2 protein chains.
Amino acid sequence: MRVVQQRLDRTQVVESAIAFVDACGLSELTMRRLGTALDVEAMALYRHVSGRADLLEAMVDELIDGLFDDDLMTEDSHSWEEYLQRVANATRNLAIEHPRIFPLIATQPPQAPWLRPPLRSVRWVEDFLSSLQRFGFADAEAVAAYKAFTSFLVGALLLQAASLNPEVIGDEEDSSVGGDLGEYPTVRRLQGLLMEDHAQREFDDALDDLIERIRTSTQA
Amino acid sequence: MRVVQQRLDRTQVVESAIAFVDACGLSELTMRRLGTALDVEAMALYRHVSGRADLLEAMVDELIDGLFDDDLMTEDSHSWEEYLQRVANATRNLAIEHPRIFPLIATQPPQAPWLRPPLRSVRWVEDFLSSLQRFGFADAEAVAAYKAFTSFLVGALLLQAASLNPEVIGDEEDSSVGGDLGEYPTVRRLQGLLMEDHAQREFDDALDDLIERIRTSTQA
DNA sequence: ATGAGGTGTTTACAGTGTAATCGTATTATG
DNA sequence: CATAATACGATTACACTGTAAACACCTCAT
């Protein structure tokens, strides 16, 4: 966690907070506890962070801007379809690596009303829109694609992250998870199918379909 | 809020909590404050609710089960497409009427791992699956539709609710919301388009597309 | 009338975010 | 290098949170 180091750093605070939430969950994150994790009194954090709200915002910003460093993002795309696929999978990796923080990314009020989670930084919107325009998208088409794409990501990945969350209630191995299910015959019959995990395939299918939708919408 | 009444009621507690969050936001909801809103000491709430977490869960359950009472849900659908449209629009109404609670609906860990927000009650899954099967869906098709449909709803409506949230940061009337935007020429040029609100149309379009996707996927 | 639960109140306590103040270590300036 | 300025962490303090425990009352079946 914290090595021998004399001076604290905002980056260090934020990264430790991310690690802490990954390990213990968001509700366990406390200024005092994060302080002891950094071997520092709680009030020391306020030199680098204006408060808990600012810390949460900084964690989200850190992760979202860290997306640019994903391997998928380091090389250029040769088509807008490839670009969308790279961004989608990089974001998916993020959701899988930080399932307890992703709800925050999806939920925290953005800095401007037109910034949409999870691509909620001006830098990302610039990259997204300019990339699509580089491949011939008109203004309105690029903006429409941004909105549709962010909606898709939030929907697919928030539920993916939820399924990875350790604090989900019913994870007994019993097949009759919810109790009797006596009045719900269809659910009981299909429970096996409901529990099957095809998240990766469903994600890819939905993404392919979104790409197809964007394609026909820009051709028209 | 609370009329003259001698005995408190769990329903009353939960409904008051919903009204309180609608009015003041989730972070303002406090046992003490909800108590005074009900003209009661905070500890009295614990007779009807086992704690704050239980209260939040009860609020979500109340709203989700209340979906069945929406006008759109009272009459039967004559096709699975119509059913999906009714459920989608009823949920959309819910998100619009309670934008400050919808993040909770989308985020709160479900009672079983195979329950997906926002249709996160066994009763709703039963209704959804059995309805689709009534229109000829095979087992796996109905389950796949449930997963795709819930992802769509969460993505579209969480961002819709966020845009309605009063606590969004930048709502100055200034057109240069985020600051300079000097290094982001595309964003600056398209900012007007980004701020335009076509939520209803985008929702309908995405829903139509999802329906089309489900149709072709079940025919194959 | 009498007992027994159920319901609201009071008191109490550990834990939270954070404002204010105070030394000290670090850095900038001569 | 010496000194002044500043940044940083520690300490203390306070209002507020969720909730456990004990208490008093009201309601109601017997």
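The model shown is predicted, which means the values in this text are computed figures rather than measured ones. Proteins come first, then strands; the chains are lettered A, B, ... in the order of their sequence lines, and each starts at number 1. As a basis for the values below, the full set of heavy atoms in this structure was taken, side chains included, without hydrogen atoms, waters or symmetry mates.
Residues satisfying the side-chain hydrogen bond (donor to acceptor under 3.5 Å, both in side chains) criterion with A/Arg123, sequence neighbours excluded, are A/Asp65. For the side-chain hydrogen bond (donor to acceptor under 3.5 Å, both in side chains) test, residues two or more places apart in sequence or in another chain that qualify with B/Asp139 are A/Arg189, B/Gln133. Qualifying side-chain hydrogen bond (donor to acceptor under 3.5 Å, both in side chains) partners for B/Ser121, counting only residues two or more places apart in sequence or in other chains: none. Looking at residues two or more places apart in sequence or on another chain, you find no salt bridge (charged side-chain N to carboxylate O under 4.0 Å, His left out) involving B/Arg188. B/Glu126 pairs by the side-chain hydrogen bond (donor to acceptor under 3.5 Å, both in side chains) definition with A/Thr186, not counting sequence neighbours. Here B/Arg100 pairs with B/Val21, B/Asn165, B/Pro166, B/Glu167 under the side-chain contact (heavy atoms from CB on, under 4.5 Å) rule; sequence neighbours left out.
Whole-Å rounding puts the A/Asp39 CG to D/dC8 P distance at 18 Å. Here C/dT18 presents its P atom at 13 Å from CG of A/Leu34, a figure rounded to the nearest Å. Counting to the nearest Å, the P atom of D/dT17 and the CE atom of A/Met31 are 18 Å from each other. Straight-line distance from the CZ atom of B/Arg33 to the P atom of D/dT19: 15 Å, rounded to whole Å. Spacing between atom CD of B/Glu41 and atom C1' of D/dT17 amounts to 15 Å, rounded to whole angstrom units.
Side-chain contact annotation: B/Asn89 with B/Gln85, donor-acceptor N/O pair under 3.5 Å absent.
Interface remark: the A/Arg32 side chain does form a donor-acceptor pair with the C/dG17 base, using a distance-only criterion of under 3.5 Å.
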Enumerate donor-acceptor pairs with a distance under 3.5 Å from any side-chain N or O in residues 149-160 of chain B to protein atoms, sequence neighbours excluded.
{"from": "B/Thr150", "atom 1": "OG1", "to": "B/Arg116", "atom 2": "NE", "distance (Å)": "2.9"}
{"from": "B/Thr150", "atom 1": "OG1", "to": "B/Tyr146", "atom 2": "O", "distance (Å)": "2.7"}
{"from": "B/Thr150", "atom 1": "OG1", "to": "B/Lys147", "atom 2": "O", "distance (Å)": "2.9"}
{"from": "B/Ser151", "atom 1": "OG", "to": "B/Arg116", "atom 2": "NH2", "distance (Å)": "3.0"}
{"from": "B/Ser151", "atom 1": "OG", "to": "B/Lys147", "atom 2": "O", "distance (Å)": "3.4"}
{"from": "B/Gln160", "atom 1": "OE1", "to": "B/Arg92", "atom 2": "NH2", "distance (Å)": "3.0"}

Run the side-chain donor-acceptor check on residues 40-48 of chain A: report pairs under 3.5 Å with partners two or more places apart or on a different chain.
{"from": "A/His48", "atom 1": "NE2", "to": "A/Leu8", "atom 2": "O", "distance (Å)": "3.4"}

What pairs of nitrogen or oxygen atoms, one from the protein and one from nucleotides 25-27 of chain C, lie under 3.5 Å apart?
{"from": "C/dT26", "atom 1": "OP1", "to": "A/Gln6", "atom 2": "OE1", "distance (Å)": "2.6"}

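Side-chain atoms of A/Met59 and A/Leu29, non-hydrogen and from C-beta on, do get closer than 4.5 Å to each other.
Axis deviation across the helix from C/dA1-D/dT30 to C/dG30-D/dC1 amounts to 10°, comparing end segments of five pairs, rounded to 10 degrees.
Screening residues 10-30 of chain A for salt bridge (charged side-chain N to carboxylate O under 4.0 Å, His left out), with sequence neighbours left out, gives A/Arg10-A/Asp54, A/Glu28-A/Arg33.
For DNA chain C, the residues of residues 42-54 of chain B within the heavy-atom distance limit of 4.0 Å (strictly under) are B/Met43, B/Ala44, B/Arg47, B/His48, sorted by number.
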